[in-house]
Amino acid sequence: MVDRIMMVTAYTTFDLLDGEVEGHGFEEEAMAVLNVTSPKKDPDHVSVQLEMDNTQLDHVEPHADKVTLSADQAREMAAELEKHADKVEAAQSG
C-alpha cells in the first residue's frame, strides 16, 4: 500500500487482510491493514484502526477509520470475536 495514513510496522496487529468497501451504489475489494493499540503512557482506551489500500479503490478518498473503546467495550468485542470464531470453526469441522 502506497500513500498510507497509518504506520505499518512489525508490531501492527494485522496487515494485508482482505477488505471490502460498500457504499450506496458501489462495492469494492481492496487489501486492508487492521491495528489494535492503546496509549503507552497511562492507557485509558483501546483504539481499533482500519485502512484500505487506496490504490485499489475508485469510490473512496484515502483515509483511515478509527474507533476508541473503553476496556469494557474492548472485552465485549473480544468475546464477540471468540463467539464467532467458534461458530466458524464448528461449521468448517462439521
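Owing to the predicted nature of the structure, the values given are computational and were not obtained by experimental measurement.
When side chains are defined from C-beta on, V48 counts as touching L69, because their heavy atoms get closer than 4.5 Å.
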With a 3.5 Å cut-off and sequence neighbours excluded, list the donor-acceptor pairs that the side chains of residues 86-94 form with protein atoms.
residue : atom : partner : partner atom : Å
S93     : OG   : E89     : O            : 3.2
S93     : OG   : A90     : O            : 3.4

Under 3.5 Å, which donor-acceptor pairs do the side chains of residues 30-42 form with other protein atoms, sequence neighbours left out?
residue : atom : partner : partner atom : Å
N35     : OD1  : T13     : N            : 2.8
N35     : OD1  : T13     : OG1          : 3.0
N35     : ND2  : Q49     : OE1          : 3.4

Please tabulate, for the side chains in residues 72-85, all donor-acceptor contacts under 3.5 angstrom to protein atoms that are two or more places apart in sequence or on a different chain.
residue : atom : partner : partner atom : Å
Q73     : OE1  : S70     : N            : 2.8
Q73     : OE1  : S70     : OG           : 3.4
E80     : OE1  : K83     : NZ           : 3.3
E80     : OE2  : K83     : NZ           : 3.4

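No chain of hydrophobic side-chain contacts below 4.5 Å, direct or via other Ile, Leu, Val, Met, Phe, Trp or Tyr residues, connects I5 to V67.
Within the structure, ring-ring contact (aromatic ring centres under 6.0 Å, His included) contacts touching residues 54-75 (residues at least two apart or in different chains) are F26-H59. Annotation: salt bridge (charged side-chain N to carboxylate O under 4.0 Å, His left out) contacts involving residues 59-68, sequence neighbours excluded, are absent. Each salt bridge (charged side-chain N to carboxylate O under 4.0 Å, His left out) pair with one or both residues in residues 14-36, not counting sequence neighbours, would appear here, but there are none.
In terms of modelled atom types and a separation under 3.5 Å, the side chain of T9 and the main chain of Y11 share a donor-acceptor contact.
Distance check: M6 CE to T12 OG1 gives 6.5 Å after rounding to the nearest 0.5 Å. Here the straight-line distance linking atom CZ of R4 with atom CG of N54 works out to 10.0 Å at 0.5 Å rounding.
Of all non-hydrogen atoms in A64 and E51, the two that sit nearest each other are CB-CB, 4.1 Å.
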